[in-house]
Each structure stands twice: as structure tokens, then as C-alpha cells.
Amino acid sequence: RPAHHSPVERTATPSNVTTCQIPRSSPEPLRRRAAPLLEARGVSKRYHAGTDREIRAVDDVSLAVPRGSFAALVGPSGGGKSTALRCMTGLETFHGGTIDIAGATLHPGSGSKHQAELRRVRQVSGMVFQQWHLFPHKSALENVSLAQEKVLGRSDQEAGAKAQALLTRVGLAELGE
């Protein structure tokens with residue numbers, strides 16, 4: 001394994017959500033280690049089905065993603081992966097735990113009363129939805145560029161260049177051509 005990859009411990013929670021815990025031990029001295037770009041601690045999200053049934057879509061999920069690294073949530077369909085990502089990017093409220101993302105902290109129930117934190121999260125994070133959430137009349141490059149233009153105010157040219165770099169980074173460069 002290359003030295004830049006950290007071992008990841010995976011455990012299944014009762015709701016079949018895969019929890020990734022990146023070990024805190026590192027060969028680097030503590031003073032040189034940067035804070036994670038994303039750290040979720042004990043995040044939970046539940047839905048009520050009728051008056052007597054509670055569904056725990058995300059149950060006590062914790063993970064840390066260092067800056068410059070890639071991470072994946074892996075699990076069965078319906079296991080809460082997309083819900084966890086929506087919570088971690090401030091697109092959906094959650095009921096327990098905390099989420100630190102790029103210097104902003106989200107708390108349970110973060111909503112309209114926490115607009116400044118949500119705005120900060122949305123300026124540094126993005127999520128491309130599965131399947132039907134992409135604009136079918138736009139290319140992959142245009143879909144990735146859109147939020148940069150609308151949210152960050154980047155020019156078409158600047159957003160396009162950044163979008164191409166992002167597509168290349170995740171192995172999809174040919175979709176931007």
C-alpha cells in the first residue's frame with residue numbers, strides 16, 4: 001500500500017450504514033497534522049413512519065476525512081449513504097451528533113437559524129446527486145460547473161476549467177471533453 005493511504009476501519013451499524021473511522025495514529029508528529037476537512041461524530045438521522053414506527057436512516061456514524069484524500073461510503077441500497085452525505089453537506093437536518101466541515105460546525109436541527117454556517121459549508125462543499133438529479137440537457141462538465149457559477153460566482157471559463165480538473169481527479173476526464 002502506498003504511504004499516503006491510511007488504513008480504514010469499517011464497521012456496520014444496526015441500520016446497515018457503513019461507518020468509516022480513519023485511525024488517529026500517524027507517523028507524523030501531532031503538531032504537523034492538519035485538522036480533517038470533514039469530521040462527523042455520532043451523526044444520526046431518523047424518519048417517522050406513521051405514529052408508531054421510527055426509521056433510523058443514519059445511526060451513530062462517525063468518520064474523518066483528511067484534506068486532499070478520497071473517501072467512500074459503501075453499503076447496501078437503502079443503507080443511508082446518501083442521507084449521511086446530505087447531512088454532512090448541510091442539505092438535510094440530522095438529529096444527533098456534530099459535523100465539522102472546512103471550519104464550519106453543523107449541529108442537530110441546523111436550519112434557518114444557522115444560515116451563516118450553512119452558507120459557509122455550501123461554499124466549500126458540493127454534491128452531485130445520483131441519477132435523476134443531474135440536468136439531462138447538460139453535459140457532465142456543465143453539471144459540475146453550474147454550482148461554481150451560481151454559488152461561487154465563477155466565470156464560465158473558470159468554472160469549466162475547475163470542473164474539468166475535478167472530473168479528471170475522479171477518473172472521469174473523458175466526460176468533460
Peer 1: Under the side-chain contact (heavy atoms from CB on, under 4.5 Å) test, which residues partner Gln157, sequence neighbours left out?
Peer 2: Ser155
Peer 1: Applying salt bridge (charged side-chain N to carboxylate O under 4.0 Å, His left out) to Arg46 and Glu54, what does each step give before you reach the verdict?
Peer 2: CA-CA 7 Å; Arg46 62 185 180 275; Glu54 181 179 89; 3.2 Å; yes
Peer 1: Go through the side-chain N and O atoms of Asp60 and Ser44 and say whether any donor and acceptor fall under 3.5 Å apart.
Peer 2: no
Peer 1: Work out which heavy atom in Pro108 is nearest to a heavy atom in Gly97; give both atom names and the distance.
Peer 2: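 Distance-wise, the nearest heavy atoms are CD-O, 3.1 Å.
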Peer 1: Could you check if a side-chain atom of Lys162 sits within less than 4.5 angstrom of a side-chain atom of Arg154, using non-hydrogen atoms only?
Peer 2: yes
Peer 1: Using every non-hydrogen atom in the two residues, find where Ala159 and Glu149 come nearest and quote the distance to one decimal.
Peer 2: CB-CG, 3.6 Å
Peer 1: From Ile99 CD1 over to Ser62 OG, what is the distance, rounded to the nearest 0.5 angstrom?
Peer 2: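 Spacing of CD1 (Ile99) from OG (Ser62) equals 10.0 Å.
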Peer 1: Run the side-chain contact (heavy atoms from CB on, under 4.5 Å) test on Ile101 and Glu39 for me, step by step, so that the C-alpha distance in whole Å, both residues' side-chain angles and the decisive distance to 0.1 Å come before the verdict.
Peer 2: CA-CA 6 Å; Ile101 179 167; Glu39 186 169 11; over 6 Å; no
Peer 1: Is any side-chain heavy atom of Leu73 less than 4.5 Å from a side-chain heavy atom of Val61?
Peer 2: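 No; the side chains remain at least 4.5 Å from each other.
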Peer 1: Kindly give the heavy-atom pair with the smallest separation between Ala163 and Leu141, and that separation in Å.
Peer 2: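 Between these two residues, the closest heavy atoms are CB-CD1, 3.6 Å.
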Peer 1: Flag yes if Leu85 and Leu37 sit in one hydrophobic cluster, no otherwise; membership is Ile, Leu, Val, Met, Phe, Trp, Tyr, and two members link when side-chain heavy atoms are under 4.5 Å apart.
Peer 2: no
Peer 1: Using distance alone, with no hydrogens and no angle criterion, decide if Arg41 and Thr98 have a side-chain donor and acceptor under 3.5 Å apart.
Peer 2: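 A donor-acceptor contact under 3.5 Å links the two side chains.
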Peer 1: Using only atom types and a distance under 3.5 Å, with no angle test, would you say the side chain of Lys81 pairs donor to acceptor with the backbone of Val74?
Peer 2: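 Answer holds: no.
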Peer 1: Under 4.5 Å between any side-chain heavy atoms of Asn143 and His137, yes or no?
Peer 2: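 The answer is no; the side chains never approach within 4.5 Å.
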Peer 1: So which atom in Ile55 and which in Ala49 form the shortest heavy-atom distance, rounded to 0.1 Å?
Peer 2: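 So the two residues come closest at CD1-CB, 3.9 Å.
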Peer 1: Which atoms form the tightest heavy-atom contact between Val121 and Thr89, and what is the distance?
Peer 2: CG1-O, 3.5 Å
Peer 1: Less than 4.5 Å apart, side chain to side chain, heavy atoms only: is that true for Phe135 and Leu146?
Peer 2: yes
Peer 1: Any idea which heavy atoms bring Met88 and Leu38 closest together, and the distance?
Peer 2: SD-CD2, 3.9 Å
Peer 1: Out of curiosity, does Tyr47 fall in the hydrophobic cluster containing Val58 (side-chain heavy atoms, cut-off under 4.5 Å, transitive links)?
Peer 2: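 No; Tyr47 is not reachable from Val58 via cluster members.
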Peer 1: Hey, are the side chains of Thr83 and Glu92 touching, using non-hydrogen atoms and a 4.5 Å cut-off?
Peer 2: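 Of all side-chain heavy-atom pairs linking Glu92 with Thr83, at least one is under 4.5 Å.
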Peer 1: Indicate if Leu118 and Val151 have the same hydrophobic cluster label, given that clusters are the connected sets of ILVMFWY residues with side-chain heavy-atom separations under 4.5 angstrom.
Peer 2: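 No, because Leu118 and Val151 fall into different hydrophobic clusters, even though each may have its own neighbours under 4.5 Å.
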Peer 1: Going from CG on Leu106 to CZ on Arg120, what distance comes out if it is rounded to the nearest 0.5 angstrom?
Peer 2: 10.0 Å
Peer 1: Heavy atoms, side chains only, cut-off 4.5 Å: are Glu117 and Thr105 in contact?
Peer 2: yes
Peer 1: Nearest 0.5 angstrom please: Ser145 OG to Leu166 CG, how far?
Peer 2: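 Here the interatomic distance stands at 9.0 Å.
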